[in-house]
Every structure is written in structure tokens, then in C-alpha cells.
Amino acid sequence: MATKAKEAPPLPQDPLAHTESTAALLRELVAHLRQNRTQLREEWARRITRAQLLTAMTEEEIFAEATSVYDNYVEALETGTFEALQAYARNLSERIIPRGVETHEVVGIVLLLRDVLARSLFGKYHEDFDKLNRILDAYEPAANRVANTVAVGFVQERERIIRQQQEAIRELSTPVLQVRERLLILPIIGVIDPQRARQLTEQLLRAIRTNRAKVVVIDITGVAAMDSNVANHLVQTVEASRLLGATVIVTGLSPEIAQTLVTIGVDLSEMATVGDLQGGIEEAERLLGYKVLPLEDLAPKP
Amino acid sequence: MEVPILKQGHYLIASIQSALTDADLSQLREALIERVGRFRARGVIVDVTALDVMDSFAVRTLRDIAHMARLRGADTVIVGIQPEVAFAMVQLGLTLKGVATALDLEEGLAFLNQQGEGRLEDRRPPGGRIDRG
């Protein structure tokens with residue numbers, strides 16, 4: 001139904017005369033909806049509560065939102081332009097998504113409004129069946145488009161939020177940390193997919209340049225599994241770092257990963273590996289010419 | 001466009017200023033190898049900071065320069081490869097194997113100095129410096 005409405009806008013293909021009468025009918029319809037605003041809006045809010053939709057919101061909130069949705073709805077019917085409604089739907093979604101409102105609830109309330117309005121039309125025109133038919137002809141496509149707009153707006157907003165969160169997780173998931181002058185560590189936790197591997201490499205290369213790093217320790221203790229793709233990404237990261245003049249030490253290869261890599265025959269001969277992060281940092285310090293000693297070793301011998 | 005080659009102590013520094021054609025690259029290679037002998041250079045630095053693209057010919061030329069200079073007694077270090085360029089290079093499999101690389105000119109000089117230290121101790125006979133003076 002919704003798709004059909006999208007394909008066929010409310011304007012019929014027929015000559016002007018018909019268009020005019022549709023417009024006239026819509027005007028009449030809008031006038032009717034304006035007149036019965038209070039009553040229809042209350043009826044709608046009641047139906048929403050009864051259908052147990054929007055349970056995350058209080059009754060007052062539902063009524064307040066119902067009022068603005070109703071007004072926007074009528075306006076969209078009247079003007080035939082959906083921009084205002086679209087903006088309102090987006091704004092509404094932004095407010096209700098964090099409160100856990102689901103897609104079926106939003107679609108549900110819009111369909112309920114459609115139902116409430118259609119019933120009131122039946123009530124008004126039940127004596128003149130022909131007129132009712134024409135009114136519905138004018139109303140249905142517009143109403144479908146309205147429902148479509150609101151639902152799509154909601155879903156789009158949700159997708160935008162999901163994308164944003166994914167981005168945030170990605171940003172957080174690859175911290176490049178400087179532990180000593182010219183020494184960076186990059187702990188990798190979780191699954192490495194091609195996209196993340198790429199982002200990780202880019203971030204590391206940028207960090208090498210900004211921090212003027214000579215040695216980088218990549219710790220993969222937190223990586224559960226590795227296939228040849230991921231291993232090749234790792235080799236590429238090591239190679240690219242070397243092109244910027246930094247040596248890479250990889251630490252924390254689990255027994256499973258070590259076995260997999262040898263079994264599938266990934267060539268890691270170019271890669272320096274050390275058992276654990278501690279060993280990796282010690283090796284890196286050695287490369288950089290640091291020597292860490294306990295304080296008592298520095299005290300002058302008696 | 002010809003790449004200027006500067007002499008700095010025992011080192012030659014070639015600083016690439018703009019994108020080069022294949023002919024320019026070959027010319028740079030010849031000039032560098034010739035000058036390694038003429039100036040008795042011990043190190044060559046090729047600065048590619050200004051390059052935002054590096055194709056396979058450029059990479060091969062850089063590698064050739066390093067190997068040829070080695071045969072004539074100089075170590076080569078490529079400096080200033082941009083992060084984006086490095087990433088693109090490894091994806092294309094152009095990894096400059098066996099060629100020293102460094103972050104920038106300063107690092108490159110530090111690298112060559114470090115290489116040089118070992119060599120001076122190894123090769124110069126004791127008192128070599130006095131003979132010269």
C-alpha cells in the first residue's frame with residue numbers, strides 16, 4: 001500500500017477537471033478535519049493507549065505529540081507538500097528513538113490516525129455513498145503518502161543513529177597510544193574486518209607521522225581469530241609503517257592464531273613478533289636505546 | 001623538471017619538488033649515481049615529501065638508486081613518504097624491499113650518521129685521519 005502511494009502521487013492522470021475536483025474534495029476534507037480537530041485527536045490518542053503503543057511515553061506526552069502530528073498531517077493533506085511533515089517526523093524520531101520507541105509503534109500510530117480519520121469520514125458521508133467514494137479517492141493516496149513519509153523518516157533517522165554509533169565504536173576501538181618518546185602502542189581488540197583494518201592502518205600511519213614514532217608495538221592479544229585476509233592486512237600495515245621509517249613489533253599472538261597462520265601458510269618472515277606486550281615494549285625500548293632499571297641498581301655501590 | 005641534488009658533507013640530498021615523469025626519474029638516477037662517485041658520497045637521501053602519488057616506475061627507480069649507490073659505496077635512505085602514499089604502495093605490492101626508509105630528512109640524516117659510525121670504526125685503519133690531515 002505504502003509503495004503504491006509512493007509510485008502514484010495524489011494527482012490523478014486525468015484531465016484538469018478531475019484534478020480540480022480532487023483539490024476541492026481535499027479542501028472539504030481538510031475543513032472537516034479542522035472542525036473536528038479536538039474530538040478526532042482525542043479519539044486517536046485513546047486508540048494509541050488502548051493499542052498499547054508508545055508505552056515508553058506518558059499519556060500527556062502522547063497527547064501532545066498526537067496534537068502536533070495531527071496538525072502536521074492535516075497541513076500535508078491541505079498543501080500537498082511534505083517537507084514540513086518530513087522535518088517534523090525527523091525531529092520527532094530524534095526525540096523518541098533514545099526512549100526505545102520501535103518502528104512498528106511509529107507505523108502503528110500513523111495507521112491508527114489514518115483509520116480514525118477514515119472512520120470519521122464514513123460517519124460523515126455514510127448517506128451519500130458516491131461522495132464518500134470520491135472523498136476516499138482523494139484522501140487515500142495523500143494519507144498513504146503521509147504514512148509513508150513518517151515511517152521512512154523514522155527509519156532513516158534510526159539508521160543515521162546506528163551509523164553514527166558504529167562510527168563512534170570504530171573510533172574508540174583503535175587507540176594509538178604513545179608510551180614513550182617515539183614509541184607507540186596499538187592494542188587491537190575484537191574482530192578485524194577489511195574496513196577496520198584499513199582504518200586502523202590509516203590511523204596508525206598518521207600517528208607515526210604526528211608523534212615521529214620510530215617503533216610501534218601492535219598487540220593482538222584481544223584478537224580472537226585471524227584468517228589469511230586479516231594476516232595480509234597486518235603484513236601491509238607493517239610494510240606501510242616501515243615506509244614511514246618505523247619498525248613494527250607484533251605481540252600477543254595466541255596459540256590458535258600462531259597455528260592457523262602457519263597452517264594456512266601466511267608469510268610473516270618480514271614481521272618481528274614477541275610473545276607478549278611486556279616483551280614487545282622491552283624489545284622496543286632496546287631498539288630505541290632505553291634501558292629500564294630498578295632504582296636500587298642505580299644507587300652507588302658502597 | 002630536473003631534481004636539485006645538494007651536497008651536504010658526505011651526503012647527497014635529492015629533494016623532489018613536484019611530480020616527475022619517467023624521463024625525469026631516469027635522469028635523477030643517472031645524476032645521483034654519477035655524483036656518488038664524483039663527491040665520494042657515503043650516503044644518499046631522496047626526499048619524496050612532495051609526492052602524493054608513487055607509481056611502480058618511481059618505486060623501481062628508487063630501489064635501483066639504492067642498489068646502484070650501494071655498489072658505488074653509498075647507503076641510500078628514502079625519506080618523507082606520506083601516510084596515504086605508503087598505504088597505497090603496500091596495497092599495490094610496491095614495498096621498497098631492502099631499501100632504508102625514514103620519516104623525514106632529519107631522521108634520514110640520523111640514520112646515515114648511525115650507519116657511518118659503524119663503518120668508520122670498521123674500515124678506517126687507525127691513524128687514517130692523521131694521514132689525511
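Predicted, not measured: the structure shown is a model, and the values here were computed from it.
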Measuring heavy-atom distances to chain B, does A:Leu204 have an atom under 4.5 Å in its side chain, in its backbone, in both, or in neither?
-> neither

Note: vs chain A, highest number of non-hydrogen pairs under 4.5 angstrom among B:Gly93, B:Ala100, B:Pro83 is B:Pro83

For chain A, find which of B:Asp104, B:Leu103, B:Leu96, B:Ile81 contributes the most heavy-atom pairs closer than 4.5 angstrom.
-> B:Leu103

How many angstroms lie between atom CD of A:Glu239 and atom CD of B:Gln91, to the nearest 0.5 angstrom?
-> 13.0 Å

CD/B:Gln8: more than 12 non-hydrogen atoms of other groups inside 6.0 Å | no

Scan for side chain to side chain donor-acceptor pair (under 3.5 Å) pairs involving residues 45-57 of chain B, sequence neighbours excluded, and state none if there are none.
-> B:Asp47-B:Thr49

If one checks every heavy atom of B:Val85 against chain A at 4.5 Å, the contacting part turns out to be neither

Expected contact set for residues 256-263 of chain A against chain B at heavy-atom separation under 4.5 Å reads none

Could you grab the distance from atom CZ of B:Phe87 to atom OG1 of A:Thr201, nearest 0.5 Å is fine?
-> 5.0 Å

Is any residue of residues 212-236 of chain A within less than 4.5 Å of chain B by heavy atoms, and which ones?
-> A:Arg212, A:Lys214, A:Gln236

Per-residue contact mode, B:Gln82 against chain A (heavy atom under 4.5 angstrom) | both

In plain terms, say whether A:Arg206 and B:Glu84 are close enough for a salt bridge, that is, a side-chain N and a carboxylate O under 4.0 Å apart.
-> no

Who in residues 240-251 of chain A is close to chain B, using a strict under-4.5 Å heavy-atom cut-off?
-> A:Ala240, A:Arg242, A:Leu243, A:Leu244, A:Gly245

More than 12 foreign heavy atoms under 6.0 Å from CZ of B:Arg60: is that the case here?
-> no

Minimal non-hydrogen separation, B:Ala86 against A:Leu205, with atom names = CB-CD1, 4.3 Å

